[in-house]
Structures are given as structure tokens and as C-alpha cells.
Protein chains: 2
Amino acid sequence: MVFELKYVIIVAGGSGQRMNTAVPKQFIPIAGKPILMQTIEAFTRFDKDLKPILVLPDCHVSYWESLCEEYHFDVEHQVVVGGETRFESVKNGLDALPQIDKALVAVHDGVRPMVSNDTISTCFESASRYGSGVPVVALVDSIRRVEEDVNFAEDRRRFRLVQTPQVFDYELLQRAYCQAYTPLFTDDASVVEALGVGVHLVEGNRENIKITTQDDLVWAEVFLKKSDE
Amino acid sequence: MVFELKYVIIVAGGSGQRMNTAVPKQFIPIAGKPILMQTIEAFTRFDKDLKPILVLPDCHVSYWESLCEEYHFDVEHQVVVGGETRFESVKNGLDALPQIDKALVAVHDGVRPMVSNDTISTCFESASRYGSGVPVVALVDSIRRVEEDVNFAEDRRRFRLVQTPQVFDYELLQRAYCQAYTPLFTDDASVVEALGVGVHLVEGNRENIKITTQDDLVWAEVFLKKSDE
């Protein structure tokens, strides 16, 4: 296998977000340190040479720096200021990469610290082979489609829930992010697909949830503590 | 509001299941008692007059009875033997109901003990008004459709994940379950819909997951202990 540079762009909120009284989820400590640090470490644990690029809203940068000091967080990473949307934030992250020939770039949600080493590894392998690796999981629940006034059952076997990291060949991802933004771009796979390029799906890990509610936090705390043992 | 009898059919595995060495999930104790007891109590806590009908595989009935003794579980409930499929099990549960004129019947998965009082109440209210009440939640993750060789992004705003309890007017549900079984019947809403009758969706609660993995168990333990405090 050719040696390929590996990057991960970790997106943690656009600049539209204000620093409210409540600490944003990504900074809340679970199992001993802020979620974002857990997330970054999941990637450097996978490959110590992997280069993390952290995209933060302007207003959170100095807070993040103070947290790094407080927690003696010494994992090397680059901080980039985000845009109004997730799309813009990823674009800013990509722009911060050096002029590179051949590389694989993962894009990952800052609030998904429970990504497994297997998931990360499978996504990079797939991207190295096929140009893309997007982790998905099957549905446990039934699913319905909702239209204006009606809703109806769909066959759940035909659907997958999409997680991150979504890993791509650098050149492909760069080209995808030159397109004009549309609100249908909810993840990187949808941006790449808009080029007319299909994406390659791989198996994610079920625990790799996006921490959004208070209950998710409780569960993440339990899970990450258990993994530490 | 007219007084309406309320039933809940709790489905806990078909007769096809064997009692393996590992205890089936529904019998595993969390937060002090087996999951199935937690599930039944969620309903009698909502309404002490509600009548629970527990559908169990033949081979689990005596084990369940011994558990009820061991845990001094004194919530009144009727035990019914299940069929090969979930469809048959619900049908057996329905057949066990007395000849009734007007009633609301909930169908609930035995391994969803974290259903909230609000969800149960909203589902029954909706069924009383519209004939059906089916709890759903929006998607946090992106979603893709997978076909033989391709996969593509779908607009996640157009989908909902479906939970239980699914509550129906007794007569409607009875009629639905007279239809011939097809493998597309993954829940009761899809069975009712096959009659050509639309179902009414209400908001579920996100924690109301179907306990399927070891990690789900850990999370349920934390959640139910917290609710007890």
C-alpha cells in the first residue's frame, strides 16, 4: 500500500453559534475530559501520525485554548475558524490543508467521541481503495415517510443511518466542496454525491452516536468510562 | 370524554425462540428487576386500571412465573402464549381480549422499558380521537437508501423512526389482524395501513429504545436508576 497522508477535519459548531451560559456539548467533560478531546484522541489513537484539524466558531477559540491548558492536552492539532454552516466549516478546514498531492481526509463530528478504532480504520481503508468510506448502521426501528398530509411505512431494510468519519480522497473532497451550497448537504457524502460520484458504504459502530441530549451525555459517560477500564 | 377500557399487549418473543443458555434480554434485571417488569409497570403507572396482556413464547412461561415469585411481582396481568412471528403473537394477544364493545388497545415491545408517561398518554389520547396513535422521533443522523448496487442520500426531514406503544381503536386493530401476514408487517401501524387506513403520528421519547445490544442494557440501567431517584 502506498503511504498516504491522513487528516481528520473535526467540525465543532459554526460561527453562527453564540457562547451561551450553558457550555456547548463539545466542551462538556465526560470520563475525565471534554468531549472534543476524547474525539481527537480517538483518531490519534488509531494513527499517531494522523493530523487533526479542529474547526471551531471564532467565539470559542480562546475558551478551547484555556481548556487545553487546564487539561494539559498536548495532542498536536491545528485550530481553524468555522463558517456559518457545516458546509462552510468543512470548506475552511480543507483550505487549511497544505498543498498536497496524495492524501486521505476524514470529516468527523466533534460530538461523536464513541467512534471505534475499527470504524475509523475501515473508513480509511475503503477510501484508500475506492476513494470514499462512509460508515452506516442498519435500522432497529421501523421507519415511515412523512409527506404534507400523509405518512406511510417504508421497508427499513432499504435504509441506513449515516455516521462519521466520512473519509475521502483529498482531491475528490476538494472538488466536491467547490460546488455551491444547498440545504440538502447534510453530510459530506451528499456533497460528494452531488458531483455524480457514488460513495462507498462501510459498517459503522452503533455506539457512535452524535451527542445531542442530556441523556446522550449520561450514556457517553458510562460508555467512555467502561472503555477506559 | 367517554370512559374507554384500556389494554396493552406486551410482546416478548415468539414461540420460535429457544431458551438458550444466555437469558433472553427481556428477563435480564436492570435497576433492580427484570426488564419485562419495568415495562409492565410503565403502563400501570400511567393508569392503574389498564389491563396488561403479556405474550410469551411457550417455553418461557414457567420461567416468567418463577421470576414473578422471586421478585414478588404482584401487578395483575394475563399471560398468553405467542406465535411464530410478531404478527401471530399480537393476534394471539388480541384473541385473548374479552368480547368488548369499545376499547383502546396498545401494542408494545417488551424490551422498551424506557417509554415515558407522556408518550403513553399521548398515544392513547390520539387513539381515542383519531383511532390510532403511533409514536415517532425525528432522525439525528443523515439517511441513505440502498439498492442492489447503488446508494443515495435521502432528505432526512421526510422520515421518522417508529417506536411503540402503537395504540388503536380495538375494532380497527382486530380488523387489521384478520388480514393475511406479509413480511412487510414490521409493526402494527403497517398492518393497519394495509387496510387502507392512515395512522396518526405523535411525538415519542428518544430514550424509548428497543434494548438489543449489551450497550443498550448498560444505558438502560443508568437511565432507569436515574428515573428512580
Side-chain angles (χ1 to χ4, degrees), chain A residues 109 112 114 134-147 149-164 166 183-194 198-201 204-216 218-223 226, chain B residues 109 112 114 134 136-147 149-164 166 183-194 198-201 204-216 218-223 225-226:
Chain A
D109 297 325
R112 289 195 196 258
M114 292 177 292
V134 173
V136 296
V137 291
L139 275 73
V140 173
D141 297 312
S142 296
I143 188 166
R144 309 208 127 233
R145 185 186 282 271
V146 292
E147 305 285 354
D149 288 323
V150 291
N151 68 83
F152 50 89
E154 288 260 20
D155 183 353
R156 71 171 153 209
R157 293 167 301 181
R158 297 212 170 279
F159 292 90
R160 298 291 181 277
L161 296 176
V162 188
Q163 309 180 330
T164 70
Q166 303 188 356
L184 285 175
F185 291 162
T186 55
D187 63 356
D188 314 285
S190 52
V191 181
V192 166
E193 197 169 61
V199 300
H200 198 83
L201 305 185
N205 62 300
R206 195 161 289 284
E207 318 80 57
N208 181 20
I209 60 164
K210 196 166 172 176
I211 298 181
T212 38
T213 66
Q214 201 55 36
D215 285 323
D216 293 344
V218 175
W219 154 231
E221 173 91 26
V222 174
F223 184 82
K226 205 182 60 169
Chain B
D109 297 325
R112 289 196 196 256
M114 293 177 290
V134 174
V136 296
V137 291
L139 275 73
V140 173
D141 297 312
S142 295
I143 188 164
R144 307 209 129 233
R145 183 185 283 269
V146 292
E147 304 285 355
D149 288 321
V150 292
N151 68 82
F152 50 88
E154 288 259 22
D155 182 354
R156 72 172 153 208
R157 293 168 300 181
R158 299 215 170 275
F159 292 90
R160 297 291 181 277
L161 296 175
V162 188
Q163 309 181 330
T164 70
Q166 302 187 357
L184 284 175
F185 291 162
T186 55
D187 63 354
D188 313 286
S190 52
V191 181
V192 166
E193 196 168 62
V199 300
H200 198 83
L201 305 185
N205 61 301
R206 195 161 288 285
E207 317 81 55
N208 181 21
I209 61 164
K210 196 167 171 175
I211 297 180
T212 38
T213 66
Q214 201 55 37
D215 284 323
D216 293 344
V218 175
W219 154 231
E221 172 91 26
V222 174
F223 183 82
K225 269 190 185 156
K226 206 183 59 169

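Here is how names work: the chains are called A, B, and so on, in the same order as the sequence lines, proteins then strands, and each is numbered from 1.
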Which of Asp187(A), Ile143(A), Val162(A) passes side chain to side chain contact (heavy atoms under 4.5 Å, CB included) with Ile143(B)? It is Ile143(A)
Of the non-hydrogen atoms in Ala153(B) and Glu193(A), which two are nearest, and what is the gap between them?
N-OE1, 3.1 Å
Counting only heavy atoms not in Arg158(A), do more than 12 sit closer than 6.0 Å to its CZ atom?
no
As an exercise: rank Val150(A), Asp109(A), Asn151(A), Asp216(A) by heavy-atom pairs under 4.5 Å with chain B and give me the winner.
Asn151(A)
Side chain proximity check, Val218(B) to Lys226(A), heavy atoms < 4.5 angstrom
yes
In Å, rounded to the nearest 0.5 Å, how long is the span from OG of Ser190(A) to CD of Glu154(B)?
12.0 Å
Interatomic spacing from CZ in Phe159(B) to CG in Leu161(A) - rounded to 0.5 Å:
11.0 Å
Heavy-atom cut-off 4.5 Å, strictly under: side chain, backbone, both or neither for Thr186(B) against chain A?
both
Do the non-hydrogen side-chain atoms of Trp219(B) and Asp215(A) ever get within less than 4.5 Å of each other?
yes
Distance in Å, Arg206(B) CZ paired with Thr213(A) OG1, rounded so as to fall on 0.5 Å steps:
7.5 Å
Check each atom of Val199(B) against the heavy atoms of chain A and say whether the ones under 4.5 Å are side chain, backbone, both or neither.
both
Val222(A) portion near chain B, given a 4.5 angstrom heavy-atom threshold
side chain
To the nearest 0.5 Å, atom CG of Leu201(B) lies from atom CZ of Arg144(A) at 6.0 Å
To the nearest 0.5 angstrom, please state how far the NZ atom of Lys210(B) sits from the CG atom of Asp141(A).
7.0 Å
With a 4.5 angstrom heavy-atom cut-off, which part of Val137(A) approaches chain B: side chain, backbone, both or neither?
neither
Considering all heavy atoms, the nearest Val146(B)-Arg157(A) contact
CG2-O, 4.0 Å
Select one option (side chain, backbone, both, neither) describing which atoms of Ile209(A) are under 4.5 Å from chain B's heavy atoms.
neither
